Asker: 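Let me give you the structure first, and then I'll get to my questions.
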Amino acid sequence: MPEFDSVCTMPRITQITLYPIKSCTGISVESAKLDFRGFCDDRCFMLVDIKGRFLTQREHPGMSRIMVSRNGHDWSVQIEGQQKLDLPASLSTHKERLVRIWKDQLNVAVASASYNEWFSDAIGVQCELVQMNAQHLRPIKPGRGRIDDTVNLADGSPVLLTSEASLFALNQRLEDPVPMVRFRPNLVVSADIAFIEDCWRRIRVGEVEFEVGWGCTRCIVTTIDPKTAEKHPNGEPIKTLKGFRSGTEGVMFGQNLIPRRLGTVRVGDLVEVIEEID
């Protein structure tokens, strides 16, 4: 565990990123409104195969090249070689289906055929675009958080936080440094000490509060260059992380957060540590 330094400056939010479509590119924003299951517009869409199983860059690295951007209140989606797709913020369909994300099953709204064809062409496999709306509930994994905590279509927690100091410490060990985008966080904070976020139990960020739930285990997605969709030949940065960041559940980088007080988070907000791990 990192040692505290009494002269450390208070961390601040330096980046906020939302990922409207799970495992596709994120959008950088200056502020984001927080809901109990995550930031609004974060991981509300997802691609599933014909059996309803969720799709990610783990099996389909080309998803990293699907660019998402704002189009007024809606979205624009594009990938090289295809015409840009305008995607409404809310799917105008009454069709729902049962889908699986990890061990969870939930009903979600399904896009019409034209949208599904676009994404099928984009990743080279038949798939459907689905959306998680307000009426769709997905509990957090049992044993983590409170019994009534819910999550969006993220892997496990409503919000993911990383720190610049932790990335710097990792890159000092790498022959080819990696950017923070490899870790797909929602919040990036400044910090004087690498992995100091491991010591936090509860934090206040501007007007909101989070419980720091558990360390984030990392997978092969971190080895994929999002610009080329190619995996690192030596499995970096996972290979290096294993040497100094292995835990009981796997390789750790970043912290999973659970909202406890809602509001808006802004770039530049101070991160106040309300409670530390004993």
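Since this is a predicted model, take the numbers as computed values, not measurements.
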Asker: What's the spacing between C219 SG and D155 CG if we round to 0.5 Å?
Answerer: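 Those atoms lie 7.0 Å apart.
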Asker: If you look at every heavy atom in N171 and P177, which pair is closest and at what distance?
Answerer: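 Smallest interatomic distance, heavy atoms only, reads OD1-CA, 3.3 Å.
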Asker: Roughly how far apart are T240 OG1 and R173 CZ, rounded to 0.5 Å?
Answerer: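 These two atoms lie 9.0 Å from each other.
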Asker: Check step by step if side-chain contact (heavy atoms from CB on, under 4.5 Å) holds for L91 and V110.
Answerer: CA-CA 7 Å; L91 297 177; V110 182; over 6 Å; no
Asker: Taking N152 for its side chain and A154 for its backbone only, find out whether a donor-acceptor pair lies under 3.5 Å.
Answerer: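 Flag set: sc N152 to bb A154 pair under 3.5 Å.
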Asker: A side-chain contact here means heavy atoms from C-beta on lying under 4.5 Å apart; do I13 and V265 qualify?
Answerer: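 Of all side-chain heavy-atom pairs linking V265 with I13, at least one is under 4.5 Å.
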Asker: Determine yes or no for a side-chain-to-main-chain donor-acceptor pair under 3.5 angstrom, with R184 supplying the side chain and C24 the backbone.
Answerer: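 Pair found, side chain donor or acceptor close to backbone of C24.
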Asker: Answer whether the closest heavy-atom distance between the side chains of W75 and P20 falls below 4.5 Å.
Answerer: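 Side chain of W75 against side chain of P20, heavy atoms only: contact under 4.5 Å found.
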Asker: Show your reasoning for whether side-chain contact (heavy atoms from CB on, under 4.5 Å) applies to N256 and V159.
Answerer: CA-CA 6 Å; N256 290 297; V159 176; over 6 Å; no
Asker: Is any side-chain N of the basic residue among R202 and E275 closer than 4.0 Å to the acidic one's carboxylate O?
Answerer: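 E275 and R202: not salt-bridged.
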Asker: Assess the residue pair D192 and T9 against the criterion (side chain to side chain donor-acceptor pair (under 3.5 Å)); give the C-alpha distance rounded to whole Å, side-chain angles, the decisive distance to 0.1 Å, and a yes or no.
Answerer: CA-CA 7 Å; D192 293 322; T9 56; 3.0 Å; yes
Asker: Applying the 4.5 Å side-chain criterion to the ILVMFWY set and letting contacts propagate, would V29 and Y19 be lumped into a single cluster?
Answerer: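 Looking at the clustering, Y19 is in a separate group from V29.
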Asker: Does the pair H136 and Q131 meet the rule for a side chain to side chain donor-acceptor pair (under 3.5 Å), with working shown?
Answerer: CA-CA 9 Å; H136 303 131; Q131 183 177 32; over 6 Å; no
Asker: On a heavy-atom basis, which atom in R218 and which in M252 lie closest, and how many Å separate them?
Answerer: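 Smallest interatomic distance, heavy atoms only, reads CG-C, 4.3 Å.
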Asker: Would you please test R261 and F210 for side-chain contact (heavy atoms from CB on, under 4.5 Å) and show each step?
Answerer: CA-CA 7 Å; R261 182 179 178 183; F210 295 101; over 6 Å; no
Asker: Taking atom CD1 of I147 as the centre, report whether more than 12 heavy atoms of other residues, nucleotides or ligands fall under 6.0 Å from it.
Answerer: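 Open.
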Asker: Does the K22 side chain pair with the main chain of R43, one donor and one acceptor, at a distance under 3.5 Å?
Answerer: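 Looks like no, no N/O pair under 3.5 Å.
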Asker: Test salt bridge (Lys or Arg N to Asp or Glu O under 4.0 Å) on E249 and R144; report intermediate values, then the result.
Answerer: CA-CA 14 Å; E249 296 188 13; R144 289 178 167 166; 2.7 Å; yes
Asker: Short question: side chain of Q82, backbone of A122 - any donor-acceptor pair under 3.5 Å?
Answerer: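 Yes, the answer is positive, given that a donor and an acceptor are paired below the 3.5 Å cut-off.
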Asker: Can V68 be reached from V221 by stepping across I, L, V, M, F, W or Y side chains whose heavy atoms are under 4.5 Å apart?
Answerer: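 Not linked; separate clusters.
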Asker: Which distance, rounded to the nearest 0.5 Å, do you find between the CD of E209 and the CD1 of I203?
Answerer: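 Spacing of CD (E209) from CD1 (I203) equals 9.5 Å.
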Asker: Which atom pair, heavy atoms only, marks the closest approach of V151 to P158?
Answerer: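 In this case the closest contact between V151 and P158 is CG2-N, 3.6 Å.
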Asker: Do F39 and N186 touch side chain to side chain, with heavy atoms closer than 4.5 Å?
Answerer: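 Side-chain contact under 4.5 Å: yes.
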Asker: List the atom of A194, the atom of A169, and the distance in Å for their closest heavy-atom pair.
Answerer: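 For A194 and A169, the tightest heavy-atom pair comes out as CB-CB, 3.6 Å.
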Asker: Do any N or O atoms from the side chain of D225 and from the backbone of K231 form a donor-acceptor pair under 3.5 angstrom?
Answerer: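 Side chain of D225 to backbone of K231, a donor-acceptor pair under 3.5 Å: no, none is there.
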Asker: Give a yes or no on whether the backbone of T264 and the side-chain of E207 come within a donor-acceptor separation of less than 3.5 Å.
Answerer: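 A pair under 3.5 Å: yes.
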Asker: Taking the side chain as everything from C-beta on, heavy atoms only, tell me whether R182 gets closer than 4.5 Å to P226.
Answerer: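 Side chain of R182 against side chain of P226, heavy atoms only: contact under 4.5 Å found.
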Asker: Verify, without hydrogens or angle tests, whether W118 (side chain) and Q83 (backbone) share a donor-acceptor contact under 3.5 angstrom.
Answerer: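 A pair under 3.5 Å: yes.
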Asker: For a 4.5 angstrom cut-off between non-hydrogen side-chain atoms, does E128 reach F119?
Answerer: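 No - every pair of side-chain heavy atoms lies 4.5 Å or more apart.
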Asker: Between D104 and K141 (salt bridge meaning N to carboxylate O under 4.0 Å), is one present in this structure?
Answerer: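 Looking at D104 and K141, the cut-off is not met.
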Asker: Tell me, do V178 and T222 make a side-chain contact under 4.5 Å, heavy atoms counted?
Answerer: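 V178 does not reach T222 side chain to side chain.
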Asker: Hydrophobic clusters here meaning ILVMFWY residues chained together by side-chain heavy-atom distances under 4.5 Å, can you tell me if V271 and L262 are in one?
Answerer: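 As far as the 4.5 Å side-chain criterion goes, L262 and V271 are connected within one cluster.
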Asker: A89 and H73: which non-hydrogen atoms are nearest, and at how many Å?
Answerer: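 Where A89 meets H73 most closely, the heavy atoms are CB-O, 3.3 Å.
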Asker: With side chain to side chain contact (heavy atoms under 4.5 Å, CB included) as the test, pick out the partner of I140 among T150, D149, D148.
Answerer: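 One option only clears the test, and that one is D149.
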Asker: Are D41 and R70 ion-paired here, with the side-chain N under 4.0 Å from a carboxylate O?
Answerer: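 A salt bridge is present here (some side-chain N lies under 4.0 Å from a carboxylate O).
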Asker: With heavy-atom distances below 4.5 Å as the criterion, would you say the side chains of Y115 and L85 are in contact?
Answerer: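 They are in contact (side-chain heavy atoms under 4.5 Å apart), so the answer is yes.
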Asker: If you apply the rule side chain to side chain donor-acceptor pair (under 3.5 Å), what do you find for E164 with T14, and how did you get there?
Answerer: CA-CA 9 Å; E164 294 174 344; T14 57; 2.9 Å; yes
Asker: Between H60 and V125, does the side-chain contact (heavy atoms from CB on, under 4.5 Å) criterion hold? Intermediate values first, please.
Answerer: CA-CA 9 Å; H60 303 281; V125 63; 3.7 Å; yes
Asker: Between T25 and I66 (side chain of the first, backbone of the second, donor and acceptor by atom type, cut-off under 3.5 Å), is there such a pair?
Answerer: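 Such a contact is found between T25 side chain and I66 backbone.
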Asker: Would you give the length of the straight line joining atom CZ of R138 to atom CZ of R37, rounded to the nearest 0.5 angstrom?
Answerer: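 If we round to the nearest 0.5 Å, R138:CZ and R37:CZ are 10.5 Å apart.
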Asker: Are I16 and L160 connected in the hydrophobic side-chain network, where two residues link if heavy atoms are under 4.5 Å apart?
Answerer: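 No, separate clusters.
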Asker: Ignoring hydrogens and geometry beyond distance, is a side-chain donor-acceptor pair present between D49 and Q126 at under 3.5 Å?
Answerer: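 Checked: D49/Q126 side chains show no N/O donor-acceptor pair below 3.5 Å.
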Asker: In terms of hydrophobic clusters joined by side-chain contacts under 4.5 Å, are L47 and V108 together?
Answerer: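 No, separate clusters.
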Asker: Take atom CE of M67 as the centre, draw a 6.0 Å sphere, and report whether it contains more than 12 heavy atoms from other residues, nucleotides or ligands.
Answerer: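 For M67, atom CE is not crowded (no more than 12 foreign heavy atoms under 6.0 Å).
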Asker: Is it the case that the side chains of E197 and S166 hold a donor-acceptor pair, with the cut-off being a distance below 3.5 Å and no angle test?
Answerer: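 Yes.
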Asker: Within the distance-only criterion (no hydrogens, no angle test), does the side chain of H232 pair as donor or acceptor with the backbone N or O of N234 below 3.5 angstrom?
Answerer: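 Yes, the answer is positive, given that a donor and an acceptor are paired below the 3.5 Å cut-off.
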Asker: Mark yes or no for whether S76, through its side chain, and D86, through its backbone, hold a donor-acceptor pair below 3.5 Å.
Answerer: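 No: the side chain of S76 does not pair with the backbone of D86.
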Asker: Determine, for E211 against R201, whether the closest basic-nitrogen to carboxylate-oxygen distance falls under 4.0 angstrom.
Answerer: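 Salt bridge absent between E211 and R201.
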Asker: Surrounding CZ of F168 (heavy atoms of other residues, nucleotides or ligands, distance under 6.0 Å), is the total greater than 12?
Answerer: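 Not more than 12 within 6.0 Å, no.
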Asker: Minimum heavy-atom separation for L170 to P237, with atom names?
Answerer: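 Nearest heavy atoms, L170 then P237: CD2-CB, 4.0 Å.
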Asker: For the pair D42 and K33, evaluate salt bridge (Lys or Arg N to Asp or Glu O under 4.0 Å) and give the outcome as yes or no after the intermediate values.
Answerer: CA-CA 10 Å; D42 183 57; K33 186 178 180 181; over 6 Å; no
Asker: What distance separates N107 CG from L137 CG, expressed to the nearest 0.5 Å?
Answerer: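 That separation rounds to 11.0 Å.
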Asker: Measure the spacing between CG of L129 and CD of E117 and express it to the nearest 0.5 Å.
Answerer: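 Taking CG in L129 and CD in E117, the distance rounds to 13.0 Å.
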Asker: Regarding K239 and E175, does a basic nitrogen lie under 4.0 Å from an acidic carboxylate oxygen?
Answerer: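 E175 and K239: not salt-bridged.
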Asker: I want to check something: taking the side chain as every heavy atom from C-beta on, are F183 and L167 in contact at a cut-off of under 4.5 Å?
Answerer: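 Yes; the side chains approach each other to less than 4.5 Å.
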